[in-house]
Each structure stands twice: as structure tokens, then as C-alpha cells.
Number of protein chains: 2
Amino acid sequence: MKFSTSEENYIKSIYHLQQQGGVVSTNNLASELQTKAASVTDMLKKLNAKNLLHYERYQGFTLSDEGIKVALGIVRKHRLWEYFLVHKLEFGWDEVHAIAEELEHITSPLLVEKLDTYLSHPKFDPHGDPIPDVNGKMELRQQVNLIDLALNQEAEVSAVGSQSTELLELLKHKNIGIGTLLTVVRKFTFDNSLEVKVKNFPPFSISQQLAQTLFLKPTYGSTTVGSISK
Amino acid sequence: MKFSTSEENYIKSIYHLQQQGGVVSTNNLASELQTKAASVTDMLKKLNAKNLLHYERYQGFTLSDEGIKVALGIVRKHRLWEYFLVHKLEFGWDEVHAIAEELEHITSPLLVEKLDTYLSHPKFDPHGDPIPDVNGKMELRQQVNLIDLALNQEAEVSAVGSQSTELLELLKHKNIGIGTLLTVVRKFTFDNSLEVKVKNFPPFSISQQLAQTLFLKPTYGSTTVGSISK
DNA sequence: AAATAAATTTAGACAAACCTAAAACTTTTT
DNA sequence: AAAAAGTTTTAGGTTTGTCTAAATTTATTT
């Protein structure tokens, strides 16, 4: 079955939202898609008629198995194109999201498979997100949220939880990118903010909100800067 | 100014038609786009309002300078993507047209320039058509139509005049592709058909229609099979 | 358990891009 | 030069995806 660009965008957004919070609500999806609740309801009816959703009036909704399959196909295309843009065309990892949003709607399945082969079947995209294979299977990202990182445990930034320009702007300002090595030197319970250290820079503060969008891979053989352990 | 996919398709088709015949007619464009004359008139009004056309009711139309600029931008994208699909992803030259029709509508100008650089600024696409540069300039294809090829003059097939599946099917059947070397051994005035020879194959016949869609580059130092010249 | 607030859906409109059928204009034929 | 044929445009309607405003349902207060 084929879908319009608009249908695909709804499916993809529902997928992302239900990854976080389980059942998705109308307002929730409307704000994610920058549209109005009434428009969302219209589209829900259509997707429901195509058996892509479990949907009951006023009760929220989730993707059906079929819906998830479709979503994974779109996610696969999005992440493969991002990989292509960064590793072949030499875009920065923070410039590619909008372009991949367009490329992900190109329909040819053969194109996707040839692209995958050309890129040597990458497992993760430039933001650290896993790329589903043809059957929708993908690796878990073995990453830790910055909020959960142990004190003085060195780790490498490997993914960001959103591609909003606001977030990317803030990361640029703080000089943080994919690959940055950092350690948490203090945690403040008052506002859950963190004091963070990057080599060769003075320590600086990261808010709870920001910390929640950053994912890292611990560097075993940590630098244990001021810790008690030998 | 930005254009919808539909507007871009109209602009591109008008461009191709006026390359052949000068002023374009409504029915002409309707059949090219597989749509109805009334739909064409609707769109003409819109494009005219945006100053992309010279248009007078009932009198036909051509692109304005601005319209040509837009058309060349689309043609540039189409041909660059075709080059990418054939030379990087290893598609056959006869499989890429439909996919490039989708890719040509991706909007990012930076993407086009990075792609062009990645491909090392190719001058011709896999069908032998020239690729316009950023300013719309392109080389003429120094090619001869098969109809005009001199007797016994060896030449290499370098372009086909259309990408219709019907044509590609026929070429496949006759074992002709980009790069095929051939000579015309006889011309029949009755139906303007040609008797053609490809090395290691028995001679075969090509209709006037087919000959008109094939373009070739003469091989200087010809093989002059049965000619009088030493 | 009412009253109020918030979320969701319905009803009715609108723009883009298409359609059919009829009217208007051009070209060709007789 | 009138009639016929062909082409183009207009008029009015459809579908998709959006919107605003009003009605309905669910959740939260008091």
C-alpha cells in the first residue's frame, strides 16, 4: 500500500511519540506536527480506516503492527539518508535533518537497498540513532542518558534526543557535539542541574532539560578525576 | 520563490516541449503530462501570474527568462541525481528516470552543490544529456542523430531522445545501449529505415522513428567496412 | 456530585490540483 | 464565407489536507 507524504509524516510522528510515552494524545501529536487538533482528528480517521492505528474516540491511539512496520520503513530511509549526507556529501551532523525529512519520502524500495549497500549497511546514523534493517530490526543504542551518568565517569556524546534548531543552537554555544568527551563533576538536587567538565575547558553547567536530551557511551578506563578509587 | 512539485513538473515539461517546437500548445502539454487540457489551463494562469510564462489566451505559450531559469534548475537536479544513481549506486541507465523525477523536487540548494562536488562536476548525464551548471550554462551535445549518420561511419550511441519504457524495452530487445558501437550499412528511402551493423552481430533493421531517438558520437578513425576509401 | 476546565471531535469552509461538460474561439474544409 | 472540426477556456464539482468555531466528552476542582 502507498501513502501520501502527509500520511507518512503522521505515522512517523506517532511512532516517535509512542516510543516515549506509550499511548499518544491528539494535542500531543498536533503540537509535534505544528498543526491543529482538528486536523489531527481528520487524519486519525483516515489512518484508522487503513488499519494503521488502534484508535478509540477520546481515548488516544497507538500504531498497529502494520503501522509500526510502515513507520520503521520511513525511519530506515531517514537515517540512511542522514548517514549519506554526513559521510558522503560532508554535511555537518546538525545540518541534515531537514533535508532527510524530504528524502525519506522518495518511494523506490530498490533505491533504499542500493543506498544501504553503497553505505556498507551502517548500523547507526550520525546522531547515534540505530538504523532499522529491511525487516525493521535494529540494535539498541547502548547509551546512557547524561542524567544517569555516574559522577566522574568519562563518556562520549553519541546521540541527541531531538533535532530542533533550538537544541542544536544551544549545543553549538556550549561547544558540545557528537564525539565530545565529558565527565559530570557535581549534581545539584535543587534543580537537577549538572556541573560538567570537558578537557581543556573550564567546568560549566547543564540544565536538567538539556541533560535529558544527551546520550553518551561510557569510556571504560575512566579518568576518575577527583574520585576516591585508586 | 518556491514552487510546488506540480508547478515544477509543468515548468519542466514546457521547457522540454519548447526545446523541440518553439511555442507550446495546451493539448500538447496535456498529453505530455498525462492530464487534461482544462487542468493545464488552470495551471497556466497560475504560472502566468508568477511571471514564469509568456501567455495569451488561445495563442500558446513559452517560458519567460525567469521560467527558463527555474526549468534549468530542475533539469540540473534531475541529471545530477541520474548520474549519482548510475555511477554511485550502480543502477542501470534505463532504470533511473522515474526515481530522478522524485529526487529533482528536493529543495535544498546546498544539497545540489554538495552532490555536484561529490560527483566531480559531471558535464553529461548517463543518457548523454548535458548537465546545466549553477548558472544554467551547459555544453551542447556534439552528437549526431542516427538518421543523419553517414553511411559506414562508425559511431558510439551516446544518448536517447526519450526515457519512455516502450523505447527502453525496444532498445533492450535490439541489444543497443549507451556505448554501443555501430555503423549504418544501407538506407532505404521507401520508409527511411536503416540497415545497421554492430560488431559480432548480424545486421538488423531500425525504423525511422527509432533512428530519430538515437544520438551518437562519430568515432574518427572509422572502420569504413565496405567503403571505397583505402 | 456539581461546576469548571481541558481535551477531543464534529460541522462547515477553504485552497490546491485535478476532473467533466459546455461555451468560446481558431483553423480547416467545402 | 459558411459550416464543420478542432482547440482552448470557463463553469462548476471532487478530493486531500488544512483551518475556525461550536459541540461533545473526559478530567479536575471545589
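Just so it is clear, the structure is predicted and the values come from calculations on it, not from any experiment. Below, chain A is the first sequence line, B the second, and so on; all start at residue 1.
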*Separation of A/L44 atom CG from D/dT18 atom C1', in whole Å?*
14 Å
*Can a donor-acceptor pair under 3.5 Å be found between the side-chain atoms of B/Y58 and the base atoms of D/dT7?*
no
*Length of the line joining A/N28:CG and C/dT9:P, which is rounded to integer Å*: 13 Å
*Could you state the atom-to-atom distance from CD of B/E7 to C1' of C/dA15 in whole Å?*
13 Å
*Would you kindly give the CD-to-P distance between A/E8 and D/dT16, to the nearest whole Å?*
16 Å
*For the salt bridge (charged side-chain N to carboxylate O under 4.0 Å, His left out) test, which of A/E32, A/E7, A/E101 pairs with A/K12?*
A/E101
*Do any N or O atoms from the side chain of B/T41 and from the backbone of B/A37 form a donor-acceptor pair under 3.5 angstrom?*
yes
*Taking atom C1' of D/dA27 as reference, at what distance in whole Å does atom CG of A/N27 sit?*
13 Å
*Verify the contact: side-chain N or O of A/K45 to OP1 or OP2 of C/dT10, cut-off strictly under 4.0 Å; return yes or no.*
yes
*asked:* Just N and O in the side chain of A/K36: are any of them under 4.0 Å from OP1 or OP2 of D/dT20?
replied: yes
*asked:* Quick check: B/F84 with A/F84 (ring centres under 6.0 Å apart)?
replied: yes
*asked:* Any base atoms under 4.0 Å from A/S39, or only sugar-phosphate, or nothing? Heavy atoms, all strands.
replied: base
*Do any side-chain nitrogens or oxygens of B/T35 fall under 4.0 Å of OP1 or OP2 in C/dC19?*
yes
*What distance separates A/R79 CZ from A/H127 NE2, expressed to the nearest 0.5 Å?*
10.0 Å
*Ignoring backbone atoms, test whether B/T26 places a side-chain nitrogen or oxygen under 4.0 Å from the OP1 or OP2 oxygen of D/dT9.*
yes
*Give A/F61 one of three labels, base, sugar-phosphate or nothing, depending on what nucleic acid heavy atoms sit under 4.0 Å from its own.*
nothing
*Check every atom of C/dC18, C/dT9, D/dT10 against the side chain of B/A38 and return the nucleotide holding the closest atom.*
D/dT10
*Taking atom P of D/dG12 as reference, at what distance in whole Å does atom CG of B/D42 sit?*
14 Å
_With a cut-off of less than 4.0 Å, is there a side-chain N or O of B/S6 near OP1 or OP2 of C/dC18?_
yes
_Quick check: on DNA chain D, is the nucleotide nearest A/Q59 upstream (toward 5') of the one nearest A/M43, or the reverse? Name the residue that is more 5'._
A/M43
*Measure from NZ or CZ of B/K88 to the centre of the six-membered ring of A/Y118, then state whether that distance is under 6.0 Å and the direction lies within 45° of the axis.*
no
*Can you tell me if the side-chain N/O atoms of A/Y55 get under 4.0 Å from OP1 or OP2 in C/dT8?*
no
_C/dA16, OP1 or OP2 - any side-chain N/O from B/S4 closer than 4.0 Å?_
no
*Does the A/K217 side chain pair with the main chain of A/A155, one donor and one acceptor, at a distance under 3.5 Å?*
no
*Find the distance B/N9:CG to C/dA16:C1' and express it as a whole number of Å.*
15 Å
*If only side-chain N and O atoms of B/R57 are considered, is one of them under 4.0 Å from the OP1 or OP2 phosphate oxygen of D/dT10?*
yes
*Using a cut-off of strictly less than 4.0 Å, decide whether A/Y10 has a side-chain nitrogen or oxygen near OP1 or OP2 of D/dT18.*
yes
